[in-house]
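Structure, as structure tokens:
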Amino acid sequence: MIELNFVEGEWPASGTVVVGITAPSALGAAATSLDKKSKGLIRKALERAGGLKHGKFLELVLPRGLDLDRLLLVGIGKPEGLSRLDREELGASIARKLEALAVEDAALAPLDGLELGADAAAAAADLALGAKLASYAFRKYQTPDKEEPKRLGRLTVHLAAAPDADRPALVEAQAAGVALARDLVSEPANVLYPESFAERCRELEELGVEVEVLGEAELEKLGMRALLGVAQGSVRQPRVVVMRWRGAEQAEPLVLVGKGVCFDTGGISIKPAGGMEEMKWDMAGAGAVVGAMHAIAGRQARAHVVGIIGLVENMPSGTAQRPGDVVEAMSGKTIEIINTDAEGRLVLADVLHYAKERLDPAAMVDLATLTGAVVVALGHENAGLFANDEKLAGNLARAAEAVGEGLWRLPLGKAYAKHIKSQIADIKNVGRGREAGATAGAVFLEEFVGGLPWAHLDIAGVAWSSREQPLSAKGATGFGVRLLDELVRLAYEADAKG
Ligand code: BES
Ligand code: MN
Ligand code: ZN
């Protein structure tokens, strides 16, 4: 990820400079000054190009009369109509353009016209965040190629007036949280398994987060037989990690719960070979929770938030759980295992119950790559939102809208709860085949939340992308980090209105 600098007052006079042009070809202060110095070069270039539409670039190399290597004009369109997300995406496209031009270090000149959409510093922060998110790539396991073009390493944002003190810090905190989630989700399962994942969570202690790791013996003692049943086929021991950020005095925390299946083979109900490598990211819910905790602590949010993740590996072996087995969850409910590939809900059953009993939550939000069915229903455009509480659902929807991480509400309800009735136990871990599969997972989880305000986000379709997205490269998206951080800001901070 690129390094960001914000500087006040002085305008860039060398190197590569990016300047915004509002629709169709209006020059703001910075562009006007550069245009004067270059005896009308910018106006002439824009005239020849017939103006510059939103998101389009015009590149002037060694512009006459200026001491610059390159002047990159970017079309901003009508700035009044730009949303926060539009500005982020504009920042992302600037970063990608600079990458394509093999520019290592660039300056973003005063954001002419963007001041109209929001105050200039806020607009600059949005652009910078977009640039940062888009510049993330997971290259840990690739030997650097010496022939490869240079990478964009630094972006300096020039502002007419000082940015309000904590804006840059907010950008850094969110970007770092998203990067951490993407790092975790991208790691292969031979590197990131429950124990090593739990170790990575300890890094949050540096930010002031209290981290507690529950080992196998403690999970046994707690009676987490649903979670342990999933883990028993693997040589890797399970872990549960509790991460507490006490940014406010309030007693009852918002609790964020994550599914952390570090690899999901399906177990004895084994998955087909094709595409199974994707199941290394079956811990994306846990990754998002850890990333969100990083962002929340990184910006010193004035809220009490606890993250809790259940970490296991789902493997077939001589010790693995069988279809037909019956396990007793920590809550005392008995579960008939019909399909060992419906393991995420078993892990979350115990983690949700533990959270309810021990953490005294104001509300719980879980994130899980829970079902293929949600991908059938919603594709890769939205995560499924299930909630037993209208206020929480509303706050999540507002947060989702603000950060552009889509949620679409799907149903819960008594009629669906019947789908998971078992012949032999209290409930079974699958519903009625292809009928309402995402809801079957959700109503299963609801059995363990004891009526507390709760929401479940099925992120199976959005945690990973086979295509480049406006704000993320192919691969891990980090979905959920910004959404949860925004939820905290909207509804759980000292001065929140939610
Ligand atoms: N991890 C999978 C769900 C999944 C599928 C995530 C595709 C990401 C992409 C989950 O554990 C699973 O296997 N679910 C089963 C449930 C079924 C057996 C009731 C599924 O969706 O097929
Ligand atoms: Mn599975
Ligand atoms: Zn799974």
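Both counts, for ligands and for their atoms, begin at 1 and track the order of listing. Remember, it's a predicted structure, so these values are computed and weren't measured experimentally. Side chains are part of it too, since the values below use all heavy atoms of this structure and drop only hydrogens, waters and symmetry mates.
Each of T265, L370, V261 was evaluated against E343; a single residue qualifies, V261, per the side-chain contact (heavy atoms from CB on, under 4.5 Å) test.
Of all protein heavy atoms, the one lying nearest to atom 12 (C) of ligand 1 is D341 O, 3.2 Å. The protein heavy atom nearest to atom 7 (C) of ligand 1 is M279 CE, 4.0 Å. For atom 17 (C) of ligand 1, the closest heavy atom belonging to the protein is A342 CB, 4.3 Å. Scanning all protein heavy atoms for the shortest distance to atom 2 (C) of ligand 1 gives D264 OD2, 3.6 Å.
Take the N/O/S atoms of D264: the one nearest the Mn ion (ligand 2) is OD2. Residue-level check: among N/O/S atoms of E343, OE1 sits closest to the Mn ion (ligand 2). Summary: OE2 is the N/O/S atom of E343 found nearest to the Zn ion (ligand 3). Within D282, the N, O or S atom at minimum distance from the Zn ion (ligand 3) carries the name OD2. The minimum distance between the Zn ion (ligand 3) and any N, O or S atom of D264 involves atom OD2.
Against a heavy-atom cut-off of under 4.0 Å, L370 is close to the following atoms of ligand 1: 3 (C), 10 (C), 12 (C), 14 (N). Per-residue contacts place V430 under 4.0 angstrom from the following atoms of ligand 1 (heavy atoms of the residue considered): 19 (C). Below 4.0 Å from some heavy atom of W281 lie the following atoms of ligand 1, by number and element: 8 (C), 9 (C). With ligand atoms numbered from 1 in the order given, ligand 1 contributes 1 (N), 10 (C), 11 (O) to contacts under 4.0 Å with heavy atoms of K259. Distances below 4.0 Å separate heavy atoms of E343 from the following atoms of ligand 1: 11 (O). Of all atoms in ligand 1, numbered sequentially from 1 with element shown, those under 4.0 Å from a heavy atom of N339 are 18 (C).
In this model, a donor atom of one side chain and an acceptor atom of the other lie less than 3.5 Å apart for Q174 and D485.
Annotation: side chain of N314 is not in contact with side chain of D282 (no heavy-atom distance under 4.5 Å). Within the 4.5 Å cutoff, side-chain heavy atoms of F444 are placed close to those of I335.
What you find for L412 and A442 is that their closest heavy atoms are CD2-CB, 3.6 Å. Closest approach of R239 to Q237, counting heavy atoms only: NH1-OE1, 3.1 Å. Nearest heavy-atom pair, A363 versus L392, reported as atom, atom and distance to 0.1 Å: CB-CD2, 4.3 Å. Heavy atoms only, all atoms of each residue included: L207 and G298 are closest at CD1-N, 4.3 Å. A pairwise comparison of heavy atoms in C201 and I309 identifies SG-CD1, 3.8 Å as the closest pair. Nearest approach of A473 to Y136, heavy atoms of both residues: CB-O, 3.9 Å.
The cationic atom of K333 (NZ for Lys, CZ for Arg) lies less than 6.0 Å from the six-membered ring centre of F448 and within 45° of the ring axis.
The option from A463, G431, G372 that lies nearest to atom 5 (C) of ligand 1, judged by heavy atoms, is G372.
On a distance-only criterion, K271 and ligand 1 share at least one N/O pair closer than 3.5 Å. Every N/O-N/O distance between R345 and ligand 1 stays at or above 3.5 Å. Looking at T371 next to ligand 1, no N or O pair under 3.5 Å apart turns up.
For atom 22 (O) of ligand 1, no protein heavy-atom neighbour is present inside the 4.0 Å cut-off.
Among the backbone and side-chain atoms of D282, none of the N, O or S atoms lies under 2.8 Å from the Mn ion (ligand 2). Among the backbone and side-chain atoms of K259, an N, O or S atom lies under 2.8 Å from the Zn ion (ligand 3).
In the displayed structure, K140 atom NZ is contacted under 6.0 Å by more than 12 heavy atoms of other residues, nucleotides or ligands.
Taking a cutoff of 4.0 Å between a charged side-chain nitrogen and a carboxylate oxygen, K132 and E172 qualify as a salt bridge.
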